[in-house]
Amino acid sequence: MRLSRYFLPVLKETPAEAQIASHRLMLRSGMIKQSSAGIYSWLPLGFRVLRRVEAIVHEEQIRAGHIPMLMPTLQSADLWRESGRYDAYGPEMLRVRDRHDRDMLYGPTNEEMITDIFRSHVNSYKDLPLTLYHIQWKFRDEIRPRFGVMRGREFYMKDGYNFDIDRDGALHAYNRHMVSYLRTYERMGLQAIPMRADSGPIGGEDTHEFLVLADTGESEVFYDAAITELRLGDRQVNFDDRSECAAIVEEWTAPYARTDETHDAEAFARIPEARRRKSRGIEVGQIFYFGTKYSEPMGATVTNDKGEKVPVHMGSHGIGVSRLVGALIEANHDENGIIWPEGVTPFHCGIVNLRQGDGETDAACEKLYKTLVQKGLEPLYDDRTERAGAKFATMDLIGLPWRLTVGPRGLAAGKVELTCRRTGQSEDLTPADAVAKVAEIYAPHHAAAHWEPMANRSFHTWL
RNA sequence: CGGGGCGUAGCGCAGCCUGGUAGCGCGUCGGUUUUGGGUACCGAAGGUCGUGGGUUCGAAUCCCGCCGCCCCGACCA
């Protein structure tokens with residue numbers, strides 16, 4: 001993309017309403033524009049990041065064998081009356097009425113709807129296990145929206161629902177989700193720690209929240225530093241293997257990690273003092289097992305192998321996609337702006353032309369641009385007739401992890417400069433070497449385009 | 001929902017207390033400057049001062065209502 005043809009309305013000054021770094025930087029870098037309290041438009045740059053995050057969530061869900069679909073934002077109140085939540089939910093639920101005076105609502109979550117779909121089409125244990133999910137806009141009429149997209153009223157969320165014949169099956173689904181979530185966050189360059197949590201209004205027995213450590217987090221968290229050493233890395237997980245998933249869950253839940261709601265001071269005190277950590281965290285996901293809480297009242301039953309009708313065991317699992325964009329910035333920024341992890345960056349590499357209009361410099365930039373595109377990368381070329389300082393400031397603000405700087409002085413020596421946004425370190429390379437290095441950096445992040453999910457399994461899904 | 005604050009040009013703000021129909025910086029547009037970390041200079045455009053009412057000869061300014069937004073708290077993916 002050429003910056004001269006893009007729409008990137010960056011702000012030099014910080015809008016007064018933004019208190020925390022991510023909100024401030026998202027406004028300043030032209031990622032979002034507030035539409036009304038807690039409701040935002042995603043401008044082109046923000047939209048790119050949102051899509052990258054969403055794509056990773058999809059890929060990892062599909063990898064785990066979960067099936068994507070899409071449910072509507074507006075729901076009929078009738079379904080919610082069936083589950084009893086229409087009255088239980090309270091004023092957080094946005095209720096609307098259509099022209100025929102039918103009660104509708106803008107969905108804050110989809111347990112009722114998915115259960116209705118399930119009971120309409122699934123009758124036998126032979127159709128289980130089944131996990132369906134979608135990524136859709138939700139609305140919760142928060143009393144007090146704040147922190148930009150981190151606590152909006154409208155938010156983009158992945159929510160998934162598993163259906164299993166019994167508790168053991170559902171617990172495997174629970175574990176499978178935990179593993180897939182760990183992979184998801186890790187690919188985004190985030191450390192999200194699973195913590196035992198309260199079940200809240202969704203209700204249930206088993207639940208973990210995933211928290212990203214950040215000073216601006218809404219929850220106080222207590223954990224054993226040992227958990228921050230854990231990595232899934234590139235280990236291949238067979239998501240059908242119950243013991244393999246359970247082992248990974250065991251690995252990640254063994255070290256103490258809890259939010260203030262479930263904090264156990266005695267257990268915490270038993271951790272060696274050097275590893276005891278108290279911090280704040282941003283919740284970016286949660287998984288639940290809630291058994292037959294919805295299937296029983298809503299009649300979501302299947303016939304088991306003995307011919308008996310039994311309610312299915314369910315769980316639900318959420319990842320706050322739009323909130324993750326804010327959380328990513330909270331965890332990755334400095335005084336000059338955002339620092340995107342490679343996995344979610346809106347553009348892979350910036351190109352700064354220091355002398356726009358100079359024939360040789362322009363040509364060198366064009367060539368770099370084309371070569372990067374040929375490698376499957378998406379560069380952002382700042383071809384505006386701005387001074388160097390303005391171009392650098394913009395690049396730093398929008399946070400592209402790598403920047404190629406091209407000017408007459410460097411070119412005279414046959415070199416361009418490759419700079420890492422995170423470390424600030426630069427090296428002079430020939431254009432060919434610079435492109436090769438950028439391509440190498442991103443090679444692991446392109447793997448997703450080529451893999452075949454669950455290729456050797458009995459079932460697999462495609463988006 | 002309790003407490004506090006704000007609403008004046010695209011953005012950030014001053015002016016309000018002590019009424020006399022608007023000003024600064026940045027940005028934008030047109031020039032000059034050819035600049036390696038938000039350059040400098042010249043010129044220009046741009047505002048029914050959130051909204052409705054009241055007081056007054058006269059209201060951005062004083063009074064009342066409404067709307068919107070932000071902060072603290074309670075609540076929350």
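In what follows, chains are A, B, ... by sequence order, proteins preceding strands, each numbered from 1. Here the structure is a predicted model, which means the values were calculated and not measured.
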From [atom1] of [X] over to [atom2] of [N], roughly how many Å is that when rounded to an integer?
X        : N     : atom1 : atom2 : answer
A/Arg387 : B/A40 : CZ    : P     : 8 Å
A/Leu8   : B/U28 : CG    : P     : 13 Å
A/Ile143 : B/C72 : CD1   : C1'   : 14 Å
A/Asn353 : B/G37 : CG    : C1'   : 15 Å
A/Arg384 : B/U28 : CZ    : P     : 9 Å
A/Glu142 : B/C69 : CD    : P     : 15 Å
A/Glu218 : B/A74 : CD    : P     : 13 Å
A/Glu13  : B/G10 : CD    : P     : 14 Å

Given that both distances must come in under 3.5 Å, which nucleotide forms a Watson-Crick or G-U wobble pair with [N]?
N     : value
B/G68 : B/C6
B/G27 : none
B/C1  : B/G73
B/A22 : none
B/A40 : B/U32

On a whole-Å scale, what distance lies between the [atom1] atoms belonging to [N] and [M]?
N     : M     : atom1 : value
B/U8  : B/G52 : P     : 15 Å
B/C17 : B/U33 : P     : 49 Å
B/C41 : B/U48 : C1'   : 35 Å
B/A22 : B/A14 : C1'   : 11 Å
B/G19 : B/C49 : C1'   : 14 Å
B/C64 : B/C6  : P     : 14 Å
B/A60 : B/G53 : P     : 14 Å
B/U56 : B/C66 : P     : 24 Å

Side chain of A/Glu92 - closest among B/C76, B/G36, B/C69: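 Of the options given, the side chain of A/Glu92 lies nearest B/C76.
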Selected nucleotide, minimal atom distance to A/Arg144 side chain, candidates B/A74, B/A77, B/C76: B/A74
Along RNA chain B (nearest heavy atom to each residue), the more 5'-positioned of A/Glu386 and A/Val149: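 Its nearest nucleotide being more 5', the pick is A/Glu386.
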What's [X] touching, base or sugar-phosphate or nothing? Going by heavy atoms closer than 4.0 Å.
X        : result
A/Ala388 : sugar-phosphate
A/Gly318 : nothing
A/Gly410 : base
A/Leu11  : nothing
A/Gly38  : nothing
A/Asp159 : nothing
A/Arg153 : nothing
A/Pro108 : nothing

According to a strict under-4.0 Å criterion, is [X] in side-chain N/O contact with OP1 or OP2 of [N]?
X        : N     : answer
A/Arg146 : B/C72 : yes
A/Gln34  : B/C70 : yes
A/Arg151 : B/A77 : no
A/Lys12  : B/C26 : no

Test item: A/Arg97 side-chain N/O and A/Met104 main-chain N/O as donor-acceptor pair under 3.5 Å: no
Check: A/Arg277 side chain, A/Ala225 main-chain N or O, donor-acceptor pair, under 3.5 Å: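 Between the backbone of A/Ala225 and the side chain of A/Arg277 there is no qualifying donor-acceptor contact (under 3.5 Å).
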Quick one: do [X] and [Y] make a salt bridge, cutoff under 4.0 Å?
X        : Y        : value
A/Arg196 : A/Glu209 : no
A/Asp382 : A/Arg2   : no
A/Asp141 : A/Arg153 : yes

A/Tyr133 and A/His58: side chain donor to acceptor below 3.5 Å: yes
Cationic tip of A/Arg258 above A/Phe268 ring, under 6.0 Å, 45° of axis: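 Because its charged atom misses either the 6.0 Å distance or the 45° angle limit, A/Arg258 does not stack over A/Phe268.
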N/O donor-acceptor pair, side chain A/Arg403 with base B/G37, under 3.5 angstrom: yes
B/G38 pyrimidine/purine six-ring stacking with A/Phe392, under 5.5 Å and 30°: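 According to the criterion (under 5.5 Å, under 30°), no, A/Phe392 does not stack.
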Aromatic ring pairing A/Phe210/A/Tyr185, orientation class (parallel under 30°, perpendicular over 60°, tilted between):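 It falls in the tilted class, 30° to 60°.
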